[in-house]
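Notes for the one structure printed next.
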Amino acid sequence: MAAWWSEVCDMFYLCFVREDRYKLLVSGIGVTIKVSLLAVVLGIIIGMLIALCNLSKNRFLRTLGGIYTDIIRGTPSVTQLMIIYFVIFASVHWPKWIIAAIAFGINSGAYVSEIIRAGILSIDKGQTEAGRSLGLNAYQTMTRIVIPQAVKNIFPALCNEFIVLIKETAIVGYVGLMDIQKAGDFIKSATFQAFMPLIGTAVIYYVLIKILTLVLKRVENRLRRSDIR
Amino acid sequence: MIKVKNLQKKFGDLEVLKGIDEHIRQGEVVVVIGPSGSGKSTFLRCLNLLETATGGEIYVDDEQINAPKVNVNRIRQKMGMVFQQFNLFPHLTIMENITLAPTLLKKMNKEEAVEKGRQLLARVNLSEKADAYPAQLSGGQKQRVAIARALAMDPEIMLFDEPTSALDPEMVGEVLDVMKDLAKSGMTMVIVTHEMGFAREVASRVLFMDQGIVMESGTPEEVFGNPRNERTRNFLSKVL
């Protein structure tokens, strides 16, 4: 037993402790969280706008929303990230992580818009009619009656989208950002060890997402208060 | 109070209303009966513009309401609507259901609306349910709340679209009782229903609709006791 255990300890020391390599991962966690958080916020804002376009009576807006969703869903996110970084923002000297977050926000917005659209359509037409029959206008009916109910319905799908988004950010290495994945990869190259850095990377992602899932679960339970019978 | 002239409604090629002329006066309780698909509900929904009439004119207090530039929301505030499926807002408590529209539309401040809500809930015998959510109520209770919610806007007219059709039989009575009280208080009401006993008892006028037109109109005694139209006789023989 002692033999392989000490080997594991050596590997652990080599990969994470020597030359303060754990610091790479710690700063990588920071990058992943920064990019993900901003991307989620942008994703929700863009998603709502696109969903409203898609649900609008205006044909131009519907076409616009359709084209957006179509292009984003039809191309890989790595390609989108690189186009936004190296082409669209090529001459803009913002911090890398902000540009990356914009790319992920634009990507996520397309998926979020479909989730929101489905959520709004899932609310019975009678709810809108009841609101309108009381004299509320379309906007008041939407914000006070339809959206609060839709939020509850789409919450699980939205959480899922955020989790996917966090993992998706593992490609930011392509534009030179040192996130968790890139840090693990860097350690792998430096130590010629594959097992420890990659498993370490996986564990860090897993724990991050586990914590997020637990938090979101609590939020969802609060949203479901009015379902008590 | 409501005047309808040659009202028509088409869904694509389907002609649901083929020209309805009707005059509903202040304080009248008009009960609309007729077979399924006769256009009763569509007629009612045209009155508060949930459906857009494809032809004809509707006047409320001598103002044409299906004209292009009319403020639909202002018109609807004068008309309360009660639906077959209740359509309470499930994410709000009973009190919030009632106070939402009056406070949002600045008809009352919060305290006044809650006070009004308490009075209305007492009127429909549901005072103890103010803080419950709709999911905790029975069908009959939900429909009584829906009536209270519509009344909170102080409407001049109440429209009922088959208010008891989605209820278990034992709950029909409690809803009809509330509607009877409302009729006694002088409210102008238009009611689409299959409850013939209720129609006979409460209606000041009964309309029999079939195939998109009003076939017969008269007092309950006339329509139920001595129907002149063949179709009316036929229909009544099946439902009575």
Side-chain angles (χ1 to χ4, degrees), chain A residues 44 47-48 51-52 55-59 62 115-159 216-229, chain B residues 41 44-45 47-51 71-94 96-107 131-138 142 145-146 148-161 166:
Chain A
I44 291 178
M48 280 202 288
L52 290 178
L55 290 167
S56 144
K57 285 189 186 123
N58 183 319
R59 219 169 117 201
R62 275 209 314 273
I115 294 171
I116 292 177
R117 193 173 71 94
I120 288 174
L121 291 178
S122 75
I123 303 304
D124 186 71
K125 202 164 155 264
Q127 291 291 311
T128 308
E129 289 185 348
R132 299 304 303 273
S133 79
L134 288 166
L136 272 56
N137 62 32
Y139 174 79
Q140 290 165 331
T141 307
M142 194 50 113
T143 53
R144 304 303 287 265
I145 295 168
V146 178
I147 289 179
Q149 295 180 61
V151 164
K152 205 166 66 174
N153 288 357
I154 66 179
F155 196 76
L158 223 42
C159 295
L216 292 177
K217 194 80 209 161
R218 295 190 69 154
V219 177
E220 191 186 343
N221 287 341
R222 287 202 50 176
L223 284 175
R224 298 230 164 260
R225 265 184 316 188
S226 66
D227 291 352
I228 314 156
R229 276 162 207 268
Chain B
S41 289
L44 198 69
R45 290 163 60 86
L47 292 183
N48 80 341
L49 306 172
L50 283 180
E51 302 287 355
N71 181 345
V72 178
N73 304 314
R74 187 175 51 80
I75 301 288
R76 285 189 180 127
Q77 289 177 31
K78 292 198 216 173
M79 301 196 208
M81 175 104 175
V82 176
F83 300 86
Q84 183 177 355
Q85 298 297 337
F86 327 129
N87 294 340
L88 294 184
F89 308 131
H91 61 301
L92 301 178
T93 64
I94 299 309
E96 288 165 347
N97 263 275
I98 295 172
T99 57
L100 177 72
T103 49
L104 198 58
L105 300 172
K106 310 251 183 313
K107 231 175 130 70
D131 299 319
Y133 282 97
Q136 297 163 300
L137 268 53
S138 73
K142 281 183 198 168
V145 172
R149 179 178 69 178
L151 289 174
M153 288 299 291
D154 285 324
E156 296 170 23
I157 309 161
M158 286 284 284
L159 309 175
F160 295 82
D161 188 5

Rounded distance [0.5 Å steps], [atom1] in [X] versus [atom2] in [Y]:
X        : Y        : atom1 : atom2 : answer
A:Glu129 : B:Asp161 : CD    : CG    : 9.0 Å
B:Phe89  : A:Ile123 : CZ    : CD1   : 12.0 Å
B:Leu104 : A:Ile145 : CG    : CD1   : 8.5 Å

Region of [X] in contact with chain A, defined by heavy-atom distances below 4.5 Å:
X        : answer
B:Arg45  : side chain
B:Phe83  : side chain
B:Met153 : side chain

| said: Donor-acceptor check, side chain of A:Gln127 to backbone of B:Leu88, threshold 3.5 angstrom: yes or no? | reply: yes
| Just by modelled atom types, is the A:Leu223 backbone N or O under 3.5 Å from a matching donor or acceptor in the B:His91 side chain? | no
| query | In terms of heavy-atom pairs under 4.5 Å, which option from B:Leu137, B:Leu105, B:Leu50 contacts chain A the most? | reply | B:Leu105
Which pair of heavy atoms, one from [X] and one from [Y], lies closest together, and at what distance?
X        : Y        : answer
A:Leu134 : B:Ala150 : CD2-CA, 4.1 Å
B:Pro90  : A:Gln149 : CG-OE1, 3.1 Å
B:Asn73  : A:Leu136 : OD1-O, 3.4 Å
B:Asn87  : A:Gly126 : ND2-O, 3.2 Å

